[in-house]
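Structure first, then comments.
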Amino acid sequence: MYKNNRIMEGLNITEEMLSPNSVTRQLNDQISLAKAFVIIAKESNNLQFAWELSAQIHNSQILLSNAATRRAPLTTTESDSAIHDMALLLYQAHQLHYDSATMIMRFKAKIQALEEQMNSVSEKSSKYGQIAAEEVPKSLYCLGVRLTTEWFKNLNMQKKLKDKRQVEIKLKDKNLYHFCIFSDNILATSVVVNSTAINSKNPDMIVFHLVTDEINYAAMKAWFAINDFRGVTVEVQKFEDFTWLNASYVPVLKQLQDSEVQNYYFSGNSDDSRTPIKFRNPKYLSMLNHLRFYIPEVFPALKKVVFLDDDVVVQKDLSDLFSIDLNGNVNGAVETCMETFHRYHKYLNYSHPLIRAHFDPDACGWAFGMNVFDLVQWRKKNVTGIYHYWQEKNVDRTLWKLGTLPPGLLTFYGLTEPLDPSWHVLGFGYTNVDPQLIKRGAVLHFNGNSKPWLKIGIEKYKPLWEKYVEYSHPLLQHCNFH
């Protein structure tokens with residue numbers, strides 16, 4: 001009885017409405033049906049009939065409102081006229097072929113039209129969001145220009161870096177904590193380094209290996225020369241200096257020479273726009289994005305490294321990552337298969353026989369962005385060679401379409417050790433995140449388009465990132481960072 005009362009209370013049902021003779025329920029049913037007929041009458045341009053229905057709906061609603069106000073059920077006597085008048089109109093609607101079958105067909109058509117509109121709006125939103133995400137803010141561009149100018153005119157700054165002989169020793173010291181970032185975003189990289197340093201128990205044991213491109217190289221060198229991060233050692237390289245990084249060795253560079261691939265990613269006029277814009281983003285061909293598969297070549301002297309994306313912020317000490325036993329595996333990563341859409345079948349084309357033959361569709365996906373890599377096992381198992389194999393098999397993009405995670409799932413299949421989820425919390429660039437996960441998380445990842453340095457960043461999560469930006473810095477003030 002108690003359960004029934006709770007249900008009645010939750011649905012706002014009264015004893016009178018449950019009665020088989022309830023005039024209140026009868027009036028409500030008539031009103032619901034009449035509202036549907038109003039829509040159909042308007043679509044049929046029968047405006048007079050639509051007006052008559054609306055007027056009668058209004059009259060019936062007044063009766064119900066009066067009964068609710070006085071807290072007494074409607075009587076048959078006071079509602080008889082309204083029910084009778086509405087019944088006549090509903091019968092007239094039936095004569096006008098506003099029957100249920102017609103209504104169902106019309107509503108189906110309406111739903112289909114609305115779905116098409118929604119898909120169109122969603123596609124446009126996706127396109128504009130992607131464009132906004134790819135845009136370089138003026139403030140970031142300004143910072144790069146100012147730092148580059150400062151680097152080339154300030155010889156003392158260049159000399160300062162060259163004089164640090166002890167840095168060379170630290171870069172190869174296997175007893176230190178080595179992190180790597182591949183990025184062209186100076187401020188984002190700075191936040192990763194700064195947040196790691198501030199939350200570290202022993203920042204003097206941390207070494208950051210940064211790799212950028214030719215355009216941002218001088219600016220990146222300048223920024224890390226004029227700023228100190230609690231004694232953290234920082235090395236800056238540019239990938240153009242890696243002689244082994246050429247088309248004869250790297251499949252992505254070889255594919256970039258193909259005119260069809262160039263047309264697909266950079267012209268946007270192939271396949272009749274059937275492929276969503278996010279799959280056609282040229283950033284997925286950027287070498288800074290693919291360098292994660294060449295970490296042993298980039299850092300030949302290292303045995304273990306923690307890879308961080310530039311859109312993360314660190315809020316816990318990460319030194320324990322270097323003592324985690326990967327049990328002979330190459331990649332330590334947080335799994336993301338708590339929900340079905342983060343399993344392998346989401347990222348790979350299982351209609352392809354090669355994928356079906358080698359990979360379990362229900363295998364757990366995992367995340368790039370905070371990964372512990374055992375470079376000794378990597379070299380021993382020729383993981384980069386595995387990556388090359390799958391990249392070459394996907395030259396026609398039939399195995400997967402998007403970026404570096406799908407080839408990563410293939411490359412590290414059976415070679416990935418699951419880490420505790422608190423090490424890497426995702427979603428800050430596109431969704432709501434459980435506050436308890438935020439509190440426990442060591443690395444918070446702004447994956448998604450809404451990066452914290454962009455106007456489209458999610459406002460409630462920006463403070464997590466901005467607390468590691470020194471807005472009072474003269475260069476940031478000059479470039480209007482706020």
Side-chain angles (χ1 to χ4, degrees), residues 170 176-212 220 223-224 227-236 288 292 295 299 302 304-324 331-336 366-373 419-430 433-448 450-454 457-458 460-471 473 476:
K170 280 192 167 186
L176 300 181
Y177 306 134
H178 294 270
F179 296 85
C180 66
I181 306 173
F182 307 131
S183 175
D184 57 3
N185 187 320
I186 299 161
L187 193 65
T189 303
S190 177
V191 166
V192 180
V193 175
N194 194 32
S195 62
T196 305
I198 286 174
N199 292 293
S200 173
K201 296 173 184 175
N202 298 292
D204 58 312
M205 291 188 65
I206 291 176
V207 180
F208 265 96
H209 304 265
L210 313 181
V211 181
T212 188
M220 197 81 80
W223 180 258
F224 287 98
N227 292 289
D228 179 69
F229 297 91
R230 298 187 66 211
V232 166
T233 301
V234 179
E235 173 196 33
V236 180
L288 286 175
R292 63 193 67 192
I295 291 176
F299 311 114
L302 300 184
K304 181 173 279 190
V305 68
V306 171
F307 165 80
L308 295 173
D309 268 334
D310 66 1
D311 54 355
V312 308
V313 65
V314 177
Q315 62 174 16
K316 298 284 177 67
D317 179 79
L318 301 183
S319 58
D320 285 347
L321 285 172
F322 292 86
S323 59
I324 290 177
N331 173 30
V334 169
E335 292 184 330
T336 56
W366 45 266
F368 269 132
M370 196 295 296
N371 304 79
V372 183
F373 289 121
L419 302 181
D420 186 285
S422 64
W423 279 116
H424 186 191
V425 181
L426 297 103
F428 293 87
Y430 71 92
V433 183
D434 183 345
Q436 290 302 314
L437 289 177
I438 298 175
K439 187 177 180 180
R440 294 196 303 268
V443 175
L444 310 182
H445 196 167
F446 288 80
N447 56 315
S450 301
K451 304 300 184 190
W453 55 85
L454 299 174
I458 300 174
K460 66 178 178 179
Y461 295 138
K462 279 188 176 183
L464 295 168
W465 185 85
E466 290 179 328
K467 67 190 287 188
Y468 298 105
V469 179
E470 188 185 342
Y471 287 109
H473 193 288
L476 300 191

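Please read all numbers here as calculations on a predicted model, not as lab measurements. Numbering starts at 1 and runs along the sequence shown.
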Any heavy-atom pair between the side chains of Y461 and L444 that's under 4.5 Å? no
Are any of the side-chain heavy atoms of W423 and D320 separated by less than 4.5 Å? yes
Heavy-atom donor-acceptor pair, R440 side chain to S422 backbone, under 3.5 Å: no
Does Q315 reach the main-chain N or O of I438 with its side chain, forming a donor-acceptor pair under 3.5 Å? yes
If you define the side chain from C-beta out and look only at heavy atoms, does anything of F224 sit under 4.5 Å from T189? yes
Tell me, please, which residues at least two apart from K462 pass salt bridge (charged side-chain N to carboxylate O under 4.0 Å, His left out). E459
Can you list everything that forms a ring-ring contact (aromatic ring centres under 6.0 Å, His included) with Y468? Sequence neighbours excluded, please. none
Side chains of W465 and K451: closer than 4.5 Å at any heavy-atom pair? no
Where do V314 and V443 come nearest, in terms of heavy atoms and distance? CG2-CG2, 4.2 Å
Ignoring hydrogens, what is the shortest heavy-atom contact between A197 and P203? Give both atom names and the distance. O-CB, 4.0 Å
Working to the nearest 0.5 Å, report the span between CG of D420 and CG of L321. 10.5 Å
With side chains defined as the heavy atoms from C-beta onward, is the minimum distance between N199 and K316 less than 4.5 Å? no
Working for side-chain contact (heavy atoms from CB on, under 4.5 Å), residues H445 and M370: CA-CA 9 Å; H445 196 167; M370 196 295 296; over 6 Å; no
Would you call F428 and I458 a side-chain contact if the rule is heavy atoms closer than 4.5 Å? no
L318 and A442: which non-hydrogen atoms are nearest, and at how many Å? CD2-CB, 3.9 Å
Could you state the interatomic distance from OG (S319) to NZ (K201), rounded to the nearest 0.5 Å? 6.0 Å
Quick one: are F208 and T196 in side-chain contact, heavy atoms under 4.5 Å? yes
Please round to the nearest 0.5 Å and tell me the distance separating atom CG of D184 and atom CG of D310. 7.5 Å
How far does CG of D311 sit from CG of N185, to the nearest 0.5 angstrom? 9.5 Å
Going through the distances and angles, do L302 and F373 end up as a side-chain contact (heavy atoms from CB on, under 4.5 Å)? CA-CA 10 Å; L302 300 184; F373 289 121; over 6 Å; no
Name the orientation class of the two ring planes belonging to F182 and F299 (parallel below 30°, tilted from 30 to 60°, perpendicular beyond 60°). parallel
Look only at the side chain of N194 and the backbone of V192, and say whether a donor-acceptor pair between them is shorter than 3.5 Å. no
Measuring only between side-chain heavy atoms, which start at C-beta, is W366 closer than 4.5 Å to N331? yes
How would you list, by chain and number, every residue that makes a ring-ring contact (aromatic ring centres under 6.0 Å, His included) with Y177, sequence neighbours excluded? F322
Main-chain N/O of D204 paired to N202 side chain as donor or acceptor, under 3.5 Å: no
Taking only residues two or more places apart in sequence, or in another chain, which ones meet T233 in a side chain to side chain donor-acceptor pair (under 3.5 Å)? none
Determine, step by step, whether S190 and N227 satisfy the side-chain contact (heavy atoms from CB on, under 4.5 Å) criterion, reporting the C-alpha distance in whole Å, the side-chain angles of both residues, the deciding distance to 0.1 Å, and the verdict. CA-CA 9 Å; S190 177; N227 292 289; over 6 Å; no
If we ignore hydrogens and angles and just use 3.5 Å, is the side chain of S200 paired with the main-chain N or O of D317 as donor and acceptor? no
What one should report as the nearest heavy-atom pair of V191 and V312 is CG1-O, 4.4 Å
Search all heavy atoms of A367 against all heavy atoms of A333 and return the closest pair with its distance. O-CB, 4.0 Å
Using salt bridge (charged side-chain N to carboxylate O under 4.0 Å, His left out) as the criterion, list what pairs up with D309, not counting sequence neighbours. R292
Which residues share a side chain to side chain donor-acceptor pair (under 3.5 Å) with H178, sequence neighbours left out: H209
Which atom of L464 lies closest to which atom of F446, heavy atoms considered: CB-CZ, 4.4 Å
Evaluate side-chain contact (heavy atoms from CB on, under 4.5 Å) for F307 paired with C180, printing each intermediate quantity in order. CA-CA 5 Å; F307 165 80; C180 66; 3.9 Å; yes
